[in-house]
Every structure is written in structure tokens, then in C-alpha cells.
Chemist: 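Provided herewith is a single structure, encoded as C-alpha cells, for subsequent inquiry.
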Amino acid sequence: MEKHLNLTLKIWRQKNAKAKGNFEAYKMTGISTDMSFLEMFDVLNERLVNDNIDPIAFDHDCREGICGACSMVINGRPHGPKNAITTCQLHMRSFNDGDTITVEPWRASPFPIIKDLVVDRSSFDRIMAAGGFVSTNTGSAQDANCTLISKEAADESLAAAACIGCGACVAACKNASAMLFVSAKVSQFALLPQGQPERKKRVLEMVAQMDTEGFGACTNTGACSAECPKEISLTHIARMNRDYLMAELC
Amino acid sequence: MKWIIKMFSSTIGQKFIMALTGLFLCAFLIVHTLGNLQLFKSDGGLAFNTYSVFMSTNPVIKCISYLLYATILLHAIKGFMLLRKNKKARPIDYAVQGGSANSHWTSRSMGILGTILLLFIVVHMYNFWFEYKFGHVPFTSYFTNMATGETKFQPMSADYVQANKMEEGMISNEQGQFRVVVVKDLFKEVEISFKEWWLVALYVICMFSVSFHLYHGFQSAFQTLGINHSKYNGLIQFIGVWFFSIFIPIAFAAMPLYFFFK
């Protein structure tokens with residue numbers, strides 16, 4: 001049943017990449033528990049615009065858990081208190097009347113803040129450009145049944161490919177490590193026959209780019225997987241470590 | 001050579017170093033625990049002292065011990081380097097910490113637990129390794145009756161010295177045949193040291209650090225090396241939790257407590 005909440009929001013405000021940011025508190029009244037978290041932000045922004053205050057900048061696009069744009073750390077957890085969802089899938093019924101909700105941007109050197117809660121995640125794009133693809137030659141398509149793939153390998157590959165590149169793994173990791181993201185992108189091809197020709201080159205170049213971007217190292221805390229909206233498994237990190245070792249050794 | 005340097009300077013390569021050195025240190029802990037269990041033998045320390053002489057004079061063991069010191073340093077230095085790198089990746093921390101909701105605290109505290117262990121190793125080596133090698137450890141003579149197996153011992157005078165850490169021989173008299181061993185008495189050193197309550201407390205507290213560090217560290221090393229499979233994850237977890245995180249710290253903590261309450 002719909003209820004209405006009175007909340008205090010503490011939101012990180014930062015004018016631009018170079019400005020020094022700080023938390024601003026906003027009182028919200030009569031917030032419907034049926035609203036999504038982003039809808040609550042829309043209500044707040046509408047009020048700010050009416051009051052001639054710069055609205056809060058936040059990333060959002062599909063609002064159905066697919067695009068991975070809605071990057072926010074809510075009360076210390078990427079995408080809020082629920083597991084396996086993005087912020088747009090978080091509803092206000094997950095909060096209680098009188099709560100103070102702290103909202104911060106992803107915190108990582110390779111994700112510099114552009115404004116307020118918006119961060120620049122193009123470091124992920126550069127990692128993908130370094131090797132997150134398969135090279136395809138032109139020509140007529142083969143019969144699909146010519147390429148044999150086991151059900152298990154296909155499932156595992158698709159589980160890795162479910163990664164939407166939202167960056168919650170980096171945000172959740174105490175070291176701001178991108179290992180879960182990179183390993184998902186390495187795994188999705190490493191498990192398929194189509195990914196084999198460039199398997200070694202891919203892992204070496206993606207890891208090299210990951211290091212160049214300045215992400216931290218993996219302490220295997222598992223926070224990344226626990227906070228991942230697509231529940232990407234740590235087994236992909238182990239696979240990438242194996243692949244990296246094999247690619248360097250032979 | 002270039003590829004080796006490249007591999008071990010990458011983030012994953014540096015973690016390989018942490019994993020390999022960590023597992024080597026785990027292997028050492030097994031030997032160290034089993035060897036030191038001889039402290040509980042009621043032979044006045046003969047078995048432990050003989051073992052100590054073997055461990056400090058055998059050329060193979062000596063080589064391994066130098067490798068061990070280097071491994072401890074490498075593990076610690078690499079750990080600090082990674083800590084710095086990780087801090088650089090997140091220079092501004094979150095105002096609200098939500099780590100407890102998504103990870104175990106031991107996994108988030110490896111740096112601080114490791115630092116405690118490093119300091120403990122320095123204290124521990126000063127207490128016994130330095131004392132045994134450079135300090136004045138008295139000698140004790142042990143007489144083992146070859147017929148009954150009964151061992152009696154007598155401390156030598158404080159100014160007694162001999163060329164080797166251990167001399168042994170046989171003597172016979174009207175009471176029977178005896179094996180005589182005169183050996184540097186590290187056992188006595190342990191016995192005296194652990195009469196100090198603060199040292200016992202320090203050792204016991206540090207064993208909690210060993211436990212928590214290995215609770216995460218042992219399993220984490222396998223994950224880093226790419227060994228994560230439902231076939232053997234259970235076994236790795238079992239060994240990590242029950243052997244390295246419970247048995248070994250309890251066995252070590254029992255030693256100072258045993259001598260304190262003896």
C-alpha cells in the first residue's frame with residue numbers, strides 16, 4: 001500500500017570537475033513509496049528549478065536497469081540498499097519515514113567527477129577499445145551449427161556478457177578496482193570459440209589499459225560481485241587471472 | 001626477461017607475487033607449528049632444543065630460511081606498494097561506508113592485519129631468533145637412560161661455552177648406559193620469556209591477527225592464482241578456515257599460555 005515519507009537527503013554537490021564539492025541537505029516531504037529513487041530526484045530537481053537553484057546533475061537513461069547510467073552511492077552502497085538492481089530500479093519503499101539518505105558519486109580516480117553525481121566513465125570505453133571485441137572478417141555468414149558451443153559455456157559467457165558497464169564494481173571496491181568489469185568482458189569472449197583467436201592478446205591489452213587508467217588492485221573482498229546489479233561472479237576474475245598468467249607465460 | 005618484469009609490474013602480476021609469497025609463508029607456518037609443538041613434550045626441552053639446532057645448522061634449512069626472510073620482506077613491501085596504489089585509485093573516500101553489507105571485514109583489513117603481523121614478526125625474531133643467534137643462551141646437559149628412555153637434565157653454569165650448539169656422546173656407569181647431549185637451551189629461553197604476562201598477552205593478541213589475516217588470505221591467494229572451481233573451492237575453504245585460521249593460531253597461542261600457567 002502506498003505510503004508517504006518525509007526524508008532528509010544529503011547530496012554531493014560539485015559545480016564542475018575542478019571545483020571543491022560538498023554535501024547539501026534537502027528536506028523532502030510527502031514522497032510516495034511507489035516512486036523510484038530517480039523519480040524522487042526528479043521531484044527534487046523540479047523544486048530546485050522553481051526555486052532558481054541549479055538542479056542536481058545525475059546520470060540516467062533507460063530507467064529499466066539496462067543502461068547502467070544511474071551511478072549513485074546511496075548510504076555507502078552503489079545503487080542503494082537492495083542487491084542486484086540499479087538505482088532506477090530502487091523504490092522509495094526501501095526507506096523509512098524520517099530517514100537521512102546520503103547520496104555520493106562513484107569515487108575513483110579513473111572516474112573523475114564532471115558535475116554533482118555525474119562521473120566520466122570513459123576509462124571503461126578505453127579498456128573496451130583496447131581488446132573487448134572480436135575481429136570479424138567479411139564474407140558470408142557460416143551456418144550457426146558449424147560452431148559447436150556447449151550449453152554450459154554459452155550460459156557462462158552470457159552471464160559475463162550481462163555486465164552493463166555501470167561501474168558499481170569499481171564504486172563498491174575499497175581499492176576502486178575494475179577487475180570484475182574487465183574480467184566479465186574478457187570472459188564473455190574467452191568462453192566462446194569466436195573469442196579464441198585474440199584470447200591472449202585481448203587479456204594482455206585490456207589489463208594493460210586497466211592499469212594505465214589507474215584502477216586499484218583486487219583484494220578479493222567480493223564487494224564488487226555483491227553490489228553488481230547483474231550479479232557477475234568472481235569466477236570471471238579467476239578466469240581472467242588464469243588467462244593473464246597463461247598469456248604472459250606462453 | 002622483459003616480459004617477466006612487465007608481468008610482475010602489472011596489477012595482476014603484483015597480486016601473483018602476494019599470492020605466491022603468501023602461500024609460501026603458509027607452508028612455513030605448517031612446519032613452524034609442527035616443530036614448535038615439541039615445546040609441549042615433557043623432556044625438559046631436549047626434543048625442542050635438538051630440533052632448534054637442526055633448524056639453525058642444516059645447510060638446506062639455512063638456505064630456505066634466507067628465502068623465507070626474503071619472502072616476508074617481499075610480501076610486506078609488495079603489500080605496502082599495493083596499498084599505496086589502491087589509495088591513489090580512491091583519493092577521496094565515501095562519507096558513508098557500506099562495506100559491511102557486501103564483504104567480510106577481514107578482507108577489508110588485510111593491510112592493517114598484515115602490518116600488525118610484520119611488527120609481531122620483528123618482536124618475535126628479536127625475542128628468540130636474535131637471542132639464540134647473538135644473545136647469551138645458556139647450555140643444558142641431558143642424560144637419557146638408554147634402557148628406560150628416561151631423560152634427566154642439568155643446566156650448565158652460566159659461563160659454560162662450547163664450539164658447537166650441540167655436542168653428544170655416550171657414557172656408561174653402574175646405573176646403565178646414557179646418551180649425553182649438551183645443547184644450547186632455547187627451551188629455557190622460551191620458558192623464561194613467557195613468564196612475562198605482557199609478552200604472553202601480546203603473542204595471544206597477535207595470533208588473532210594471524211587468524212583473521214589467513215581467514216581471508218589463504219582462500220584469496222587461490223582466487224588470485226585463478227584457482228576457483230566448485231570441485232575444489234570447498235576443500236580450499238575448509239583448509240583456510242579450519243587449519244590456517246583456527247588450528248594454527250590456537251596451537252601458537254597455546255604455547256605462551258602453557259608456559260605462563262605451567
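Letters A, B, ... are given to chains in the order of the sequence lines, protein chains preceding strands, and every chain is numbered from 1.
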Chemist: So for A:P105, is it side chain, backbone, both, or neither that comes closer than 4.5 Å to the heavy atoms of chain B?
Modeler: backbone

Chemist: With side chain to side chain contact (heavy atoms under 4.5 Å, CB included) as the criterion, how do A:E248 and B:I12 come out once you've worked through the C-alpha distance, each side chain's angles and the decisive distance to 0.1 Å?
Modeler: CA-CA 11 Å; A:E248 283 287 16; B:I12 296 180; over 6 Å; no

Chemist: Which bit of B:L225 is near chain A, if near means a heavy-atom gap under 4.5 Å: side chain, backbone, both or neither?
Modeler: backbone

Chemist: Less than 3.5 Å apart, any donor N or O on the side chain of A:N220 or B:T224 sitting next to an acceptor on the other?
Modeler: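 The criterion, which ignores hydrogens and geometry beyond distance, is satisfied for B:T224 and A:N220.
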
Chemist: Test your reading of the model: is there a side-chain donor-acceptor pair from B:Y94 to the backbone of A:R77, 3.5 Å cut-off?
Modeler: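 It does not hold such a pair.
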
Chemist: Using a cut-off of under 4.5 Å for heavy-atom pairs, which of B:A95, B:G217, B:G13 has the most such pairs with chain A?
Modeler: B:A95

Chemist: Less than 4.5 Å to any heavy atom of chain A: does that hold for the side chain of B:K15, its backbone, both, or neither?
Modeler: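 For B:K15, the side chain is the part near chain A, not the backbone.
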
Chemist: Identify which part of A:A208 has an atom lying under 4.5 Å from any heavy atom of chain B, answering side chain, backbone, both or neither.
Modeler: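 Contact with chain B involves no heavy atom of A:A208 at all.
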
Chemist: Taking A:R107 for the side chain and B:P91 for the main chain, is one N or O donor matched with an acceptor at less than 3.5 Å?
Modeler: no

Chemist: Check whether any side-chain heavy atom of A:F215 sits under 4.5 Å from a side-chain heavy atom of B:T11, and report yes or no.
Modeler: no

Chemist: Relative to chain A, which segment of B:F222 carries a heavy atom at a distance below 4.5 Å: side chain, backbone, both, or neither?
Modeler: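 Contact with chain A involves no heavy atom of B:F222 at all.
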
Chemist: Can you confirm whether the side chains of B:S10 and A:Y244 place a donor and an acceptor under 3.5 Å from each other?
Modeler: yes

Chemist: For B:K85, is the NZ atom crowded, meaning more than 12 foreign heavy atoms sit under 6.0 Å from it?
Modeler: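 Counting other residues, nucleotides and ligands, NZ of B:K85 exceeds 12 neighbours.
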
Chemist: Return the option, out of B:T106, B:N233, B:N228, with the maximum number of heavy-atom pairs under 4.5 Å with chain A.
Modeler: B:N228

Chemist: Checking heavy atoms, do the side chain of B:I92, its backbone, both or neither come under 4.5 Å from chain A?
Modeler: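 Interface part for B:I92: both.
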
Chemist: With a 4.5 angstrom heavy-atom cut-off, which part of A:E104 approaches chain B: side chain, backbone, both or neither?
Modeler: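 For A:E104, the side chain is the part near chain B, not the backbone.
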
Chemist: By a 4.5 Å heavy-atom criterion (distance strictly below it), what part of B:K6 contacts chain A: side chain, backbone, both, or neither?
Modeler: both

Chemist: Under 4.5 Å from any heavy atom of chain A, what part of B:D93 do you find: side chain, backbone, both or neither?
Modeler: backbone

Chemist: Might you point out which heavy atoms bring A:T219 and B:S220 nearest each other, and give the distance in Å?
Modeler: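 Scanning both residues, the minimum pair turns out to be O-OG, 3.7 Å.
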
Chemist: Using side-chain heavy atoms (C-beta onward) and a distance below 4.5 Å, is B:Q223 in contact with A:L234?
Modeler: yes

Chemist: Any non-hydrogen side-chain atom of B:I227 less than 4.5 Å from a side-chain atom of A:R242?
Modeler: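 No; the side chains remain at least 4.5 Å from each other.
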
Chemist: Could you tell me which portion of A:I74 (side chain, backbone, both or neither) has an atom closer than 4.5 angstrom to a non-hydrogen atom of chain B?
Modeler: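 No part of A:I74 comes within 4.5 Å of chain B.
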
